[in-house]
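Residue numbering restarts at 1 for every chain, and letters A, B, ... go by the order of the sequence lines. Both backbone and side-chain heavy atoms feed into the values below; hydrogens, waters and symmetry mates do not. For clarity, every value in this text was computed on a predicted model and none was experimentally measured.
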Amino acid sequence: MGGEVVSIYEKMLLVVREIPLGRVATYGQIAWIAGAASPRMAGYALGGLAADTDVPWQRVVNGRGGISPRGDPLATDRQRKLLAEEGVRFGADGRIDLDQFGWGGPDPEWLEAHGFVLLPWRARG
DNA sequence: CTGATGACGGTGC
DNA sequence: GGCACCGCCATCA
């Protein structure tokens with residue numbers, strides 16, 4: 001049995017790689033698409049990335065279109081700069097308009113090819 | 001094995 | 001609009 005075990009983290013990173021240049025996705029969106037149990041999982045996955053990763057981590061922002069602060073304050077500035085270079089505009093309040101720059105998610109064909117199935121967010125009750 | 005940790009999001013006040 | 005609280009669970013020491 002081709003038991004190639006792919007962790008939920010790997011799945012989420014796979015989704016992040018699909019975010020097109022000039023667009024952004026939220027942690028919750030990534031977690032939902034990859035089938036993670038909580039939006040936090042997406043943040044944890046990105047937290048383990050190496051400094052020289054080729055994963056476009058800068059395209060993942062929080063649900064309000066803002067950059068989530070982390071240990072290193074400089075990282076926030078770095079992310080903002082990378083996004084600006086990709087054409088993503090920030091509002092006066094430092095947030096991104098998700099209606100304009102938000103990513104609509106992977107193509108249905110891509111989802112099917114990778115075995116991803118979009119399900120309602122785990123029954124919240 | 002146990003416990004701490006962590007790049008979020010929704011809800012209630 | 002802000003703030004506090006809770007749920008979420010894969011890793012690592």
Set of residues satisfying side-chain hydrogen bond (donor to acceptor under 3.5 Å, both in side chains) with respect to Glu112(A), sequence neighbours excluded:
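Per chain and number, Glu112(A) pairs via side-chain hydrogen bond (donor to acceptor under 3.5 Å, both in side chains) with no residue.
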Mind calculating the distance between [atom1] ([X]) and [atom2] ([N]) to the nearest angstrom?
| X | N | atom1 | atom2 | value |
| --- | --- | --- | --- | --- |
| Arg95(A) | dC8(B) | CZ | C1' | 16 Å |
| Glu10(A) | dT11(C) | CD | P | 9 Å |
| Ile30(A) | dG9(B) | CD1 | C1' | 15 Å |
| Tyr9(A) | dC8(B) | OH | P | 12 Å |
| Arg64(A) | dC3(C) | CZ | C1' | 12 Å |
| Leu98(A) | dC8(B) | CG | P | 15 Å |
| Gln29(A) | dG10(B) | CD | P | 12 Å |

Shortest non-hydrogen contact from [X] to [Y]?
| X | Y | result |
| --- | --- | --- |
| Arg95(A) | Arg64(A) | CD-O, 3.2 Å |
| Ala45(A) | Met12(A) | CB-CE, 3.8 Å |
| Pro39(A) | Gly28(A) | CB-CA, 3.8 Å |

By a strict heavy-atom criterion of less than 4.0 Å, which residues belonging to residues 38-63 of chain A are in contact with DNA chain C?
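Listed by number, they are Ser38(A), Arg40(A), Met41(A).
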Treating Ile, Leu, Val, Met, Phe, Trp and Tyr as nodes and any side-chain heavy-atom pair under 4.5 angstrom as an edge, say whether Val24(A) and Ile67(A) lie in one connected cluster.
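Val24(A) clusters together with Ile67(A).
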Would you say CD of Glu109(A) has more than 12 non-hydrogen atoms from neighbouring residues, nucleotides or ligands within 6.0 angstrom?
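No - once you tally the heavy atoms of other residues, nucleotides and ligands closer than 6.0 Å, there are 12 at most.
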